[in-house]
Amino acid sequence: MDSKPVVYINALLAAGLVAALVGLTVGGWGRVPLSAIGGLAVSALWISALLLSLRRSGRSARELGRQVDDLRLKLEKSDEKLKMADREANVFYRGEIEEALLDLRAIRDKTESAVMNVVTLLQGIVQKSKEGSEEADAVVEYFMREKIGSVGVFGASLVANLMSSNEGAIKSTGDVFVQLSRFNEELLTQLAAVIERVMGINDFVKQIEKIALQTRILSLNAALEAARAGTRGKGFSVVAGEVRVLAERSNDAALHIKSTAEESSRIVSALEGKMRARVTKDVEDMKAAEGNLLNTFNKFKISLASVSEAIEVLTQNYQNISLDISKATVSLQFQDLTSQQLEKVIERLGRLNNHFPGGDRAAPDETPDLGPGLSSDIGAPNKNLRILNDSSNKRLQTAAAGEDDASDADVTFF
Amino acid sequence: MNNSTEKRGNKTILRVHDDIVDLKSGEAFKTALAELFDRGEKDVVLDFNGIRRINSHGIGKILMFYKRFQGNGGNLYVAPLSGAVKETFETLMLDKLLKECKV
């Protein structure tokens, strides 16, 4: 029934009752005035209307009950649908989160592996650097350096030893040259003296031969004159004979001297031969010394080449170390890339988490809290979706309570 | 790199079978010597009769480990040499540094 007419009728009936009571009161209870009768009649009508109204309200209440039941059924159906939607959303988001977690784990494993690679590389670099330095130190010490104040493990360096050898070789060569020079000088001096004497002897021999010849000629002439003189020339003939003997002896002496001179000449020649042999030997010695010198210098050159090669090897070692450092740098750059990838995944999870109303909302740079159920028990119901469900239930229940207000007006009275 | 070791009395013989002429062979030679050093061997005889050439890649390692073994109270020796290896040793006067030891 419309609520306003009901109010008017109630007011009219209430007024009628009051009038009846007043009439009775004024007229007294012994006499029943007309107004009282009217009032009573109105009251009777009012009570009948009331009873009628109650009957109608009863019917409305039953109708209301039926509506509430319908609403409850609808609510339950909605609840079921919500639960299904909740489960589907759960499955979907759970799948997304699971994939994100797998990505994160894969990236984490890659990151750990890359870090281990970097650490291993760096450890290798340190080890190679130490060994490289040790080898460089040993090479330089052996080839070039001498420890000042103490004898090193290697003693004198190779360069020092080679320099000593060179100096020895040069000194020996010098000595040979000096000796040779002195010998040559002496020899030449002696040869000059010998030659001079031989020349003198030859001249002397020639003079003697000349004198001997003249003497023989003279003796022959004397013998001729003695023969011409006859017996008076016998004494002269004897003298001539003696002179002839003297001439012959002089000639013999000259021949002897000549022979001696020739012998001397042979000696000089022999000496010359020996000298030549000695010079030849000395030349050979000089050549040998020169050869040693050249050999020593050659060894020195080879040693220097070896030093250069050793330094080159050491340089290669350090170049390899640089290469390892470059590899480590590349790994570190990969680390940076991995970090960026991780950030993206974390942001994605954060956005995903923000889709769920209520609960903790994760800031963009924070790892969102996905709830305890997801990490250890994927099958656990989603807490946020359950809250949504509860809120929806409440709203639906409130809405259902709002529709009940109209029916309640029939039974609401002061 | 091919090498082998043999213990004889108080000496360990390291027989080298590949020429030591590049980074790889040099590193392998170094590894073999490092193993012996780390194992605590004192006296090691290097036998190069199985190779024809050795250059700075091997010489540097010999000098490095000569110092190490000396510092540890030990010594490096060399088996009687021949050929180009002997010439190299003589040129660099290593034959005066490493005493010869018959194996």
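Numbered from 1 within each chain, the chains take letters A, B, ... in sequence-line order. It should be emphasised that the depicted structure is a prediction, and the values quoted were computed from it without experimental measurement.
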- Item | Check: A/Gln127/A/Gln123 side-chain N/O donor and acceptor closer than 3.5 Å | no
- Task: Evaluate the ring planes of B/Phe37 and B/Phe69, with Trp represented by its six-membered ring, and classify them as parallel (under 30°), tilted (30 to 60°) or perpendicular (over 60°).
- Result: perpendicular
- Task: Take A/Phe154 and B/Lys67, measure what side-chain contact (heavy atoms from CB on, under 4.5 Å) needs, and give me the verdict at the end.
- Result: CA-CA 8 Å; A/Phe154 302 118; B/Lys67 280 188 81 172; 3.5 Å; yes
- Side chain, backbone, both or neither: which part of B/Lys30 has an atom under 4.5 Å from a heavy atom of chain A? side chain
- Residue of the set B/Asn75, B/Leu36, B/Thr5 for which side chain to side chain contact (heavy atoms under 4.5 Å, CB included) holds with B/Val44: B/Leu36
- Contacting region of B/Leu92 [heavy-atom separation from chain A under 4.5 Å]: both
- Contact winner vs chain A - B/Glu90, B/Gln70, B/Glu27, B/His57, heavy-atom pairs under 4.5 Å: B/His57
- Item | B/Ile62 portion near chain A, given a 4.5 angstrom heavy-atom threshold | neither
